[in-house]
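Working notes for the structure below.
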Amino acid sequence: MSKHFELTILSTWEDEKSIPSGQFITIKSAKPAIAGFSSRNYQRKSTARGIEMARHAGCDYILKWRTDMLATQLDVEQLLAWSDYQPPKDAKSRLVMPAFRNISINPDYLSTIPDLFAFGHIDEMERLWGEEGFDYSHQYNVPPEFTKPLHELAQGDDLRDFYCAEAELYAIYQSRVRNQLGLDLRHKVLAEKRLRLIDYRKLGILWFGPKAGFRSIGQAWEHPWWTETNWMKQNATVHSYGRPIGGIKGRIRRKISKMKIKAELKLQNQLWLKNYSATVI
């Protein structure tokens with residue numbers, strides 16, 4: 001990242017002992033007492049601390065990224081062009097993020113946006129990932145306006161999966177847009193007007209596994225995620241909430257998803273061999 005940006009910040013924890021060397025600033029924070037479901041509180045705090053440091057350093061645009069991911073085709077000028085494409089009058093940029101893991105749901109607070117990476121003006125990135133109103137003592141954070149309807153819909157179900165980390169990220173961002181800007185936008189309109197959804201494959205991303213090999217970026221392709229084409233044509237579908245599809249239809253969807261994941265992992269391996277494999281003569 002240091003090859004592409006004027007400043008690179010590694011946001012980690014006070015007890016982290018294995019820190020790589022490189023041209024970046026390292027900031028260490030105390031871990032929240034509660035990790036949150038799927039470590040969502042950890043991700044919120046480490047990202048918020050990085051944004052805070054970037055603002056202190058005078059940065060205008062920032063990219064939120066993961067340390068276990070590598071973009072082999074990163075083009076900052078293209079990121080800027082995407083973020084500066086017809087931003088709304090009340091924003092200094094759009095937020096650039098993957099189209100996958102975006103899904104428009106009714107009720108709207110169950111819609112999702114991905115948490116892997118995002119790029120945009122620091123004001124918009126702070127609106128997405130900042131700490132304002134966030135309570136680290138909870139396993140999950142639900143904006144006050146969504147608390148009652150969410151619990152009524154869940155009816156005692158475990159919110160670990162029902163209200164996933166991507167749904168929480170969206171719900172908080174949507175609530176902030178409403179309360180800070182006075183705009184009550186549903187996911188579909190918010191994505192069309194304030195985001196720039198891209199095909200993540202354009203960045204040539206490698207996502208390294210915890211021990212070896214690569215991880216699937218898309219995952220769970222049985223769900224009707226947005227595509228970049230949906231964003232460009234503004235024709236994404238708003239889906240009614242429903243339980244996971246079972247039976248033959250569900251099995252077919254999961255089988256197709258596994259095939260897509262296999263193809264994606266093969267592509268990552270090809271990218272690795274093309275860009276980083278040593279040639280033996």
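Computed from a predicted model, the values in this text were never measured in an experiment. In what follows, residues are counted from 1 in the order of the sequence shown.
Other residues, nucleotides and ligands contribute over 12 non-hydrogen atoms within 6.0 Å of the CD atom of Q270. Heavy atoms from other residues, nucleotides or ligands lying under 6.0 Å from CD of E152 number more than 12. No more than 12 heavy-atom neighbours from other residues, nucleotides or ligands sit within 6.0 angstrom of CZ on R201. The environment of K28 atom NZ is dense: over 12 non-hydrogen atoms of other residues, nucleotides or ligands sit within 6.0 angstrom. At most 12 non-hydrogen atoms from other residues, nucleotides or ligands lie less than 6.0 angstrom from NZ of K193.
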Practice problem: Any chance you could lay out the side-chain contact (heavy atoms from CB on, under 4.5 Å) test for N41 and Q139, step after step, and finish with the verdict? | Solution: CA-CA 8 Å; N41 292 358; Q139 290 284 7; 5.9 Å; no

Exercise. Kindly indicate, with the supporting measurements, whether the criterion side-chain hydrogen bond (donor to acceptor under 3.5 Å, both in side chains) is fulfilled by E145 and S175.
Key: CA-CA 8 Å; E145 60 267 37; S175 178; 2.7 Å; yes

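Put simply, the side chain of Q73 does not reach to within 4.5 Å of the side chain of L203, judged on heavy atoms.
In plain terms, the two heavy atoms of S104 and H187 that are nearest each other are OG-ND1, 2.7 Å. Between L265 and F214, the shortest heavy-atom distance links the atoms CD2-O, 3.5 Å. Shown here for Q43 and D115, the closest heavy-atom pair between the two residues is OE1-O, 3.0 Å. Between V96 and W82, the closest heavy-atom pair is CG2-CB, 3.8 Å.
A donor and an acceptor atom, one from each side chain of S216 and E264, are located under 3.5 Å apart.
Aromatic rings of F119 and W65 (six-membered ring for Trp) have centroids beyond the 6.0 Å cut-off, not under it.
Rounding to the nearest 0.5 Å places SG of C59 at 10.0 Å from CE of M53. To the nearest 0.5 Å, atom OG1 of residue T72 and atom CG of residue L271 are 4.5 Å apart. One finds the CZ atom of F24 at 10.0 Å from the OG1 atom of T67 (value rounded to the nearest 0.5 Å). Taking CG from L197 and CH2 from W225, the interatomic distance works out to 13.0 Å, rounded to the nearest 0.5 Å. To the nearest 0.5 Å, the span separating CG on N235 from CG on N230 amounts to 5.0 Å.
Taking the six-membered ring where tryptophan is involved, the planes of Y140 and Y163 are perpendicular, since the angle between them exceeds 60° and thus also 30°.
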